[in-house]
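The block underneath contains the structure these notes are about, expressed in structure tokens.
Quick note: residue numbers are just sequence positions, from 1. Since the structure is predicted, the reported quantities are computational estimates derived from the model, not experimental observations.
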Amino acid sequence: MARAIPDESQVLQWLDSLKNWGRWGSDDQLGCLNLIGPEQRKRAVGLVNDGVSVSCARPITTEMAPDVTYQVQRFMVDSGEGRDTDPPERRYTRRGAGEFIGMVFHGQTITHIDAMSHYSWNGLMYNGVPSSRITSREGAQSHNIEAAYEGIITRGVLLDLPRLRGVDWLDPTEPVMPEDLEAAEQAQGVRLEEGDILLTRTGNYRMRLERGPSSQSDPMTAHQAACAPWFKERGIAMMGTDTSNDARPNPYKTIGNPLHTICLVSLGLWFIDNANLEELADACAERGRYDFMLTLAPLRLRNVTGSPVNPIALF
């Protein structure tokens, strides 16, 4: 039986009631990343026991698929072809290889961080900054990815919902609700605390690998907007899943991508989209523990609304 989801009036009300605007000052650029301080980082370091690292990123490919909105571009500036037949003087000067890479990382395939400039509501970004601060010429002049240039290091917590239910992946038509998160916490013996990063596995990435890429119009599970008050209550600094973080189809008429809008604009809660949580889930199950040190080092891009990223869990 389908579970009741909040109506649109409730979701719109959360846009106001969950605001963290002014909480860390009128000029704040970090939002909920302010919840990660020296104590949270030291605590995360203390979680490292065996020194095993696990990547939580998907490979970036130049191949096209039904769910790829913009194809990643690659062309070689120089390659190794012909080096064996080059004349000696040419071999001396032609020794390296390199390429150009261009991508639109926002979407449904590339693992990336959303900075708070990625979304606005009624012309305003987080903390009431006008969305006009993002221009075609200058880019995001506020709330951009460079705010996180020192890196993000804290305790990560994985909630593995498919393993809890004994399935490979969640039903794509069933959104993740707060009670699902709490049930996973209880079953795994872990609890989200202030300054943590939440990673929720839905199995969507595994389903794509086994069944093939899905169309952008196909149903996709993700956190329902009802999870936003729960995120604020727990005081998480960042969250991510193995999806693009908004369920499809969207049940609301006037607010697109409601979870992105509430979290990025009202809470100042940064997102990790399209993570690969399969190897991490296996590593957690093998150890019987679901918390770890998590590090993210976004590219120091000037005036950009996010960054491709390779989250690393360290046990």
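At least one side-chain heavy atom of Trp14 sits less than 4.5 Å from a side-chain heavy atom of Pro229. Using a 4.5 Å heavy-atom cutoff, the side chains of Asn20 and Lys232 are in contact. Two residues are said to be in side-chain contact when any heavy atoms from C-beta on lie closer than 4.5 Å; Ile312 and Asn310 meet this criterion. Looking at heavy atoms from C-beta onward, Leu296 lies in side-chain contact with Ile197 at the 4.5 angstrom threshold. At a threshold of 4.5 Å between non-hydrogen side-chain atoms, the residues Val72 and Phe105 do not count as touching. Contact annotation: the side chain of Gln224 approaches that of Pro251 to within less than 4.5 Å [non-hydrogen atoms, C-beta and beyond]. No side-chain heavy atom of Val157 sits less than 4.5 Å from a side-chain heavy atom of Leu199. Inter-residue side-chain proximity for Arg133 and Thr135 is flagged as unmet; no heavy-atom pair is nearer than 4.5 Å.
Between Arg191 and Glu182 there is no salt bridge, since no side-chain N of the basic residue sits under 4.0 Å from a carboxylate O of the acidic one. Between Arg289 and Asp291, at least one side-chain nitrogen of the basic residue sits less than 4.0 Å from a carboxylate oxygen of the acidic one, meeting the salt-bridge criterion. Using a 4.0 Å cut-off between charged nitrogen and carboxylate oxygen, Arg208 and Asp218 do not count as a salt-bridge pair. Between Arg43 and Glu39 there is no salt bridge, since no side-chain N of the basic residue sits under 4.0 Å from a carboxylate O of the acidic one.
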>> Assess the residue pair Phe231 and His223 against the criterion (ring-ring contact (aromatic ring centres under 6.0 Å, His included)); give the C-alpha distance rounded to whole Å, side-chain angles, the decisive distance to 0.1 Å, and a yes or no.
In response: CA-CA 11 Å; Phe231 295 158; His223 294 102; 5.4 Å; yes
> What's the verdict on side chain to side chain contact (heavy atoms under 4.5 Å, CB included) for Ile272 and Met238, showing C-alpha distance, side-chain angles and the deciding distance?
Replying inline: CA-CA 8 Å; Ile272 307 167; Met238 189 178 227; 3.9 Å; yes
>> One pair to check against salt bridge (charged side-chain N to carboxylate O under 4.0 Å, His left out): Arg74 and Glu99. What are the steps and the verdict?
In response: CA-CA 7 Å; Arg74 178 187 64 197; Glu99 61 273 286; over 6 Å; no
>> Apply side chain to side chain contact (heavy atoms under 4.5 Å, CB included) to residues Glu194 and Arg234 and explain how you reach the verdict.
In response: CA-CA 6 Å; Glu194 186 171 276; Arg234 291 302 176 87; over 6 Å; no
> Does the pair Ile60 and Ile110 meet the rule for a side chain to side chain contact (heavy atoms under 4.5 Å, CB included), with working shown?
Replying inline: CA-CA 6 Å; Ile60 297 176; Ile110 296 173; 4.0 Å; yes
>> Working note: Val52 + Leu314, criterion side chain to side chain contact (heavy atoms under 4.5 Å, CB included); need CA distance, chi angles, decisive distance, verdict.
In response: CA-CA 6 Å; Val52 173; Leu314 189 59; 5.9 Å; no
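Around atom CD of Gln186, no more than 12 heavy atoms belonging to other residues, nucleotides or ligands sit under 6.0 Å away. Within 6.0 Å of atom CZ in Arg302, 12 or fewer heavy atoms from other residues, nucleotides or ligands are found, so the atom counts as exposed in its surroundings. By the neighbour-count criterion of 12 heavy atoms within 6.0 Å, atom CD of Glu210 is densely surrounded, having more than that number from other residues, nucleotides or ligands. Under a cut-off of 6.0 angstrom, the local environment of CG in Asp16 is crowded, with over 12 non-hydrogen atoms contributed by other residues, nucleotides or ligands.
A side-chain donor-acceptor contact under 3.5 Å links Trp270 to the backbone of Leu30. In this structure a side-chain-to-backbone donor-acceptor pair under 3.5 Å is missing from Asp196 to Ala237. With hydrogens and angles ignored, the 3.5 Å screen pairs no side-chain donor or acceptor of Glu278 with any backbone N or O of Gly203. Glu174 places no side-chain N or O within donor-acceptor distance of the main-chain N or O of Asp171, the cut-off being under 3.5 Å. Proximity of a side-chain donor or acceptor of Gln29 to a complementary backbone N or O of Ser142 within less than 3.5 Å is not detected. Put simply, the side chain of Thr109 never gets that close to the backbone of Val68: no donor and acceptor are under 3.5 Å apart. A donor-acceptor pair is defined here as one N or O able to donate and one able to accept, closer than 3.5 Å; no such pair exists between the side chain of Ser79 and the backbone of Met76. For the pair Glu8 (side chain) and Thr254 (backbone), a donor-acceptor distance under 3.5 Å is present. Formation of a donor-acceptor pair under 3.5 Å by the Asn276 side chain with backbone atoms of Asp242 is not found in this model. A donor-acceptor pair is defined here as one N or O able to donate and one able to accept, closer than 3.5 Å; such a pair exists between the side chain of Arg58 and the backbone of Asn274.
Between His112 and His106, the ring-plane angle classifies as perpendicular under the 30° and 60° cut-offs. Relative orientation of the Phe75 and Phe100 rings is parallel, given thresholds of 30° and 60° on the angle between their planes.
Contact detail for Ser307 and Ile145: the closest heavy-atom pair is CB-CG1, 3.7 Å. For the residue pair Leu33 and Ala148, the shortest heavy atom distance occurs at CD1-CB, 4.3 Å. Between Leu164 and Ala187, the shortest heavy-atom contact is CD1-CB, 3.3 Å. For Val11 against Pro6, the heavy-atom pair with the smallest separation is CG2-CG, 4.3 Å. In plain terms, the two heavy atoms of Gly256 and Asn250 that are nearest each other are CA-ND2, 3.6 Å. Considering every non-hydrogen atom in both Ile236 and Leu269, the closest pair reads O-CD1, 3.4 Å.
Gln141 and Glu138 share no donor-acceptor pair across their side chains, judged by distance under 3.5 Å alone. Between the side chains of Asp273 and Asn245, at least one donor N or O sits under 3.5 Å from an acceptor N or O. A side-chain donor from one of Ser9 and Asp7 sits under 3.5 Å from a side-chain acceptor of the other. For the residue pair Tyr119/Asn257, the side-chain donor-acceptor check at 3.5 Å is satisfied.
Geometrically, Arg287 engages Phe315 in a cation-pi contact defined by less than 6.0 Å to the ring centre and at most 45° from the axis.
Under the 4.5 Å side-chain heavy-atom criterion for Ile, Leu, Val, Met, Phe, Trp and Tyr, Leu299 and Ile101 are members of the same hydrophobic cluster. One hydrophobic cluster, built from ILVMFWY side chains closer than 4.5 Å, cannot hold both Trp169 and Leu161; they sit in different ones.
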